[in-house]
Novice: 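Here you go, one structure.
As the structure is a prediction and not an experimental result, all values here were calculated from the model.
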Amino acid sequence: ILHFVAAENVLGNPLLLGQYIGPDEKKSDVNIAVYTQSGIGLPDRDYYFKKDAATLAVVAAYQKYLNTLFRLSGDDTTAALAKATAVFELEKQLASSHRTNVELRDPQTNYNKMAVSDINQKMPVIGWKILLDSLHVKADSINVSQPAYFAKLNDLLLKAPLDTWKSYLKAQVLDRAARSLGSGFVDASFNYYNKALSGQQKIKPRWERINTVVDANLGEGLGEIYVKKYFTEDAKKRMLELVENLQKSFEARITQLDWMSDSTKSKAKEKLATVIKKIGFPDKWRDYSRVSIDKGKYFENLQSARKNEYEFQVGKVGKPVDKTEWGMTPPTINAYYNPTVNEIVFPAGILQHPMFDLKADDAINYGAIGMVIGHEMTHGFDDQGSQYDKDGNLKNWWSKEDGEKFKAKGKAVIELYNSFVVLDSIHLNGSLTLGENMADIGGIAIAYDAFKLTKQGRDTTRINGLSPDQRFFLSFAQSWKGKVKDESLRHQVNTNPHSPEKFRVWGPLMNFTPFYVAFDVKEGQKMYLNATDRIKIW
């Protein structure tokens, strides 16, 4: 079984094993192979055990999807149903060993570096030494993030019937390939992943889907073309100016904190000062010369690209971390903070209207992309990022008293966001979204202070009847506008550490007094919080 699993993983088709290569979290200058819980087809473990109607509808859609995959591959109705049922029950056993999404947010408990020789003895059925050789991973030690999952896998490899494992692996392979096969497979995948999970009613046109595929598999090749057309040096220069102003305002806020000791403040500032800033696109581009492309062989092209990516990644094991690498492609409409490198990254894709506009005034840009910059900076000091030092090591740099005060502030954030009703009787999960909510609350405050460093931020001149502050806050709110299906909201609340967009605006502004001043927010209004209840962390 694992010989087949390894062969598929090497082809860039991950089965049973969550594997990635990245900095060792306690020795962040060297790359290590990390193994994470995997093996299930529903969004997360809780879907296998919850009994509410919305969850059961998703489960039914997934079971139908499994059934369809087997029928499309040649099984008759009876055989397809039997196999789908067996696969689901096997996945349910795997899911029982999974940590919850909230538990996965604890970097300390998810760091379990082990010698290969030791784990090989503990899990002899998996046979880690032979498995790693088959995976082309050359290492004496690995990080097994969730050991309970692999212990369960080791047990089930021995106990579950071979025919069940064959059906499971068949389903997994078909699932991974479904969007690259004929229309029947494409439709089946869409009906589960897009329609049942997200409420999407109509499949996107082929050109749009193919653009996503190219970005996922040859992203920097596409990105090199993209930035030539859509991201100028002037835009990069303006963006860098915003980042530097945000950094200054964040440092000033740390200095003014009334709850943190001087010694911890000093270390916080040191970490902030050493943040690596990446804007637009990488300094060097990836080489895709080993990827074979044939216009008549779509599936084979994907396989070649994925195999190339796999070999690129495993080739980094045990080698020094390349801090020039990017974890997102240039056209990506997103940004991130990476705690093990202590970097903030803003791809060219997000540096477009409405998040960033070279021709827009400061109120617009600081309210939109400025808040995103502040958000990513704050991630270095949220409940997770704060556990890493300036060099990216999982190492405590807080005094005991400061750490306790910080946790108390985090608890207040959890309680506030737990109170938000997203849909029907569904509340936000404040524990799951804590890091992102902390970053949102800190991000708007830091962006506002940075805006005040500009000429317009210090002015009172109105444009279209709106003050600079009002335009700043409106720009922030408008940058998060969107329409979301109920199915997508339920999925997001269950699995996503980000709050839905509406609450990413409400939460931060309810806690930020300058917003109250700008719009004369009064007691009794929906976004009003008593001044003593407003949360200020950074």
Side-chain angles (χ1 to χ4, degrees), residues 1-25 31-48 62 87 90-114 116 119-120 122-123 125-137 139 141-157 165 168-169 171-173 175-177 193 216 306-307 309-317 327 336 338-340 384 394 432 494-497:
I1 293 170
L2 288 181
H3 177 76
F4 177 80
V5 167
E8 288 295 310
N9 274 265
V10 169
L11 291 174
N13 184 24
L15 307 179
L16 273 179
L17 311 170
Q19 173 184 286
Y20 71 90
I21 314 304
D24 182 331
E25 293 187 306
N31 285 306
I32 191 173
V34 183
Y35 292 89
T36 61
Q37 63 189 34
S38 183
I40 61 175
L42 285 168
D44 96 302
R45 60 145 356 253
D46 290 347
Y47 278 79
Y48 290 87
Y62 178 56
V87 168
L90 180 62
E91 288 186 11
K92 189 173 183 178
Q93 292 184 72
L94 290 170
S96 69
S97 69
H98 276 214
R99 289 179 180 167
T100 66
N101 284 325
V102 173
E103 289 170 337
L104 291 173
R105 299 197 69 257
D106 185 346
Q108 292 286 354
T109 59
N110 288 297
Y111 183 86
N112 299 287
K113 188 175 180 179
M114 302 180 183
V116 173
I119 192 174
N120 201 53
K122 291 178 181 177
M123 302 176 189
V125 183
I126 291 178
W128 279 95
K129 190 175 187 311
I130 294 174
L131 175 61
L132 292 171
D133 286 342
S134 300
L135 290 168
H136 304 174
V137 174
S141 59
I142 57 177
N143 181 8
V144 183
S145 290
Q146 296 85 38
Y149 168 73
F150 292 98
K152 187 71 171 181
L153 176 60
N154 186 78
D155 185 51
L156 287 173
L157 285 169
W165 276 114
Y168 170 86
L169 292 172
Q172 290 279 299
V173 170
D175 171 47
R176 301 292 190 274
Y193 286 107
R306 289 167 182 167
K307 183 179 180 182
E309 179 64 21
Y310 181 87
E311 295 296 348
F312 173 77
Q313 294 297 333
V314 296
K316 297 189 290 188
V317 175
Y336 68 93
N338 179 1
T340 54
Q384 289 178 306
L394 194 53
L432 176 61
N494 287 331
T495 64
N496 198 319

Novice: Quick one: side-chain contact (heavy atoms from CB on, under 4.5 Å) partners of Thr340, sequence neighbours excluded?
Specialist: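 Result, side-chain contact (heavy atoms from CB on, under 4.5 Å) vs Thr340: Pro23, Glu25, Asn338, Tyr388.
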Novice: Is the backbone N or O of Val5 less than 3.5 Å from a side-chain atom of Asn9, with the two atoms forming a donor-acceptor pair by type?
Specialist: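 A pair under 3.5 Å: yes.
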Novice: Do you know the tightest heavy-atom contact between Phe150 and Thr36?
Specialist: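 Residues Phe150 and Thr36, closest heavy atoms: CZ-O, 3.5 Å.
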Novice: Any chance the side chains of Gln146 and His98 put a donor and an acceptor closer than 3.5 Å?
Specialist: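 No, no side-chain donor-acceptor contact under 3.5 Å.
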Novice: So, for Ala95 and Tyr48, which heavy atoms are closest and what is the spacing to 0.1 Å?
Specialist: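 Minimum heavy-atom separation between Ala95 and Tyr48: CB-CD1, 3.6 Å.
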Novice: Report the C-alpha separation of Leu16 and Leu94 in whole Å, then their side-chain angles, then the decisive distance to 0.1 Å, and conclude whether the side chain to side chain contact (heavy atoms under 4.5 Å, CB included) test is met.
Specialist: CA-CA 10 Å; Leu16 273 179; Leu94 290 170; 4.2 Å; yes
Novice: Indicate yes or no for a side-chain donor-acceptor contact from Tyr47 to the backbone of Asn494 under 3.5 Å, with no hydrogens or angles considered.
Specialist: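 Between the backbone of Asn494 and the side chain of Tyr47 there is no qualifying donor-acceptor contact (under 3.5 Å).
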Novice: Would you mind reporting whether Leu394 and Gln108 have side-chain heavy atoms less than 4.5 Å apart?
Specialist: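 Sidechains of Leu394 and Gln108: in contact.
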Novice: Using modelled atom types and a 3.5 Å cut-off, is there a donor and acceptor pairing between side-chain atoms of Asn143 and backbone atoms of Tyr111?
Specialist: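 Such a contact is absent between Asn143 side chain and Tyr111 backbone.
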Novice: Kindly indicate, with the supporting measurements, whether the criterion side chain to side chain contact (heavy atoms under 4.5 Å, CB included) is fulfilled by Leu15 and Val173.
Specialist: CA-CA 8 Å; Leu15 307 179; Val173 170; 4.0 Å; yes
Novice: Go through Ser96 and Lys152 one step at a time and tell me if the side chain to side chain contact (heavy atoms under 4.5 Å, CB included) criterion holds.
Specialist: CA-CA 9 Å; Ser96 69; Lys152 187 71 171 181; 3.8 Å; yes
Novice: For the side-chain hydrogen bond (donor to acceptor under 3.5 Å, both in side chains) test, which of Asn101, Thr495, Thr100 pairs with Asp44?
Specialist: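 The side-chain hydrogen bond (donor to acceptor under 3.5 Å, both in side chains) with Asp44 is passed solely by Asn101 among Asn101, Thr495, Thr100.
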Novice: Examine distances only and state if a side-chain atom of Asn13 and a backbone atom of Val10 form a donor-acceptor pair shorter than 3.5 Å.
Specialist: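 Looks like no, no N/O pair under 3.5 Å.
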Novice: For the pair Ser145 (side chain) and Asn110 (backbone), establish whether a donor and an acceptor sit closer than 3.5 Å, ignoring hydrogens and angles.
Specialist: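 The answer is yes, because a donor-acceptor pair under 3.5 Å joins these two groups.
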Novice: May I ask you to check whether Asp175 and Tyr193 show a side-chain donor-acceptor distance below 3.5 Å?
Specialist: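 Yes, a side-chain donor-acceptor pair sits under 3.5 Å.
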Novice: Any luck finding a side-chain donor-acceptor pair between Arg99 and Gln37 under 3.5 Å?
Specialist: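 Distance-only check fails for Arg99 and Gln37.
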Novice: Examine the side chains of Glu91 and Tyr62 and answer whether a donor and an acceptor come within less than 3.5 Å of each other.
Specialist: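 Checked: Glu91/Tyr62 side chains pair up, N/O donor to acceptor below 3.5 Å.
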Novice: More than 12 heavy atoms of other residues, nucleotides or ligands under 6.0 Å from NZ of Lys316: yes or no?
Specialist: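 It does: Lys316 NZ has more than 12 such atoms within range.
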Novice: To the nearest 0.5 Å, what is the distance between CG (Leu17) and CD (Glu8)?
Specialist: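 Rounded to the nearest 0.5 Å, the CG-CD separation comes to 12.0 Å.
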Novice: Which heavy atom of Leu132 sits nearest a heavy atom of Tyr35, and at what distance?
Specialist: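 For Leu132 and Tyr35, the tightest heavy-atom pair comes out as CD2-OH, 3.2 Å.
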Novice: Only one of Ile126, Leu135, Ile130 passes side chain to side chain contact (heavy atoms under 4.5 Å, CB included) with Leu2; say which it is.
Specialist: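 Running side chain to side chain contact (heavy atoms under 4.5 Å, CB included) over Ile126, Leu135, Ile130 with Leu2 returns exactly one hit, Ile126.
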Novice: Does Asp24 reach the main-chain N or O of Asn31 with its side chain, forming a donor-acceptor pair under 3.5 Å?
Specialist: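 Not at all, since once roles are kept as given, no pair shorter than 3.5 Å links the two residues.
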Novice: Looking only at non-hydrogen atoms, find the nearest pair between Leu131 and Ala6 and report the distance.
Specialist: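 Nearest pair, atom of Leu131 first, then Ala6: CD1-CB, 4.1 Å.
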Novice: For Trp128, does its backbone N or O pair with a side-chain atom of Asn120 as donor and acceptor, under 3.5 Å?
Specialist: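 Looks like yes, one N/O pair under 3.5 Å.
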Novice: If you take all heavy atoms of Ala33 and Val317, which pair is closest and at what distance?
Specialist: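 The answer is CB-CG2, 4.3 Å.
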Novice: Which atoms form the tightest heavy-atom contact between Met123 and Pro147, and what is the distance?
Specialist: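 Closest approach of Met123 to Pro147, heavy atoms only: CE-O, 3.8 Å.
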Novice: For a side chain to side chain contact (heavy atoms under 4.5 Å, CB included) check, start with the C-alpha distance between Arg45 and Tyr149, then their side-chain angles and the critical distance, and finish with the verdict.
Specialist: CA-CA 11 Å; Arg45 60 145 356 253; Tyr149 168 73; over 6 Å; no
Novice: Measure centre to centre between the rings of Trp165 and Phe4, then say whether the value is under 6.0 Å.
Specialist: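 Here the rings of Phe4 and Trp165 have centres that are no less than 6.0 Å from each other.
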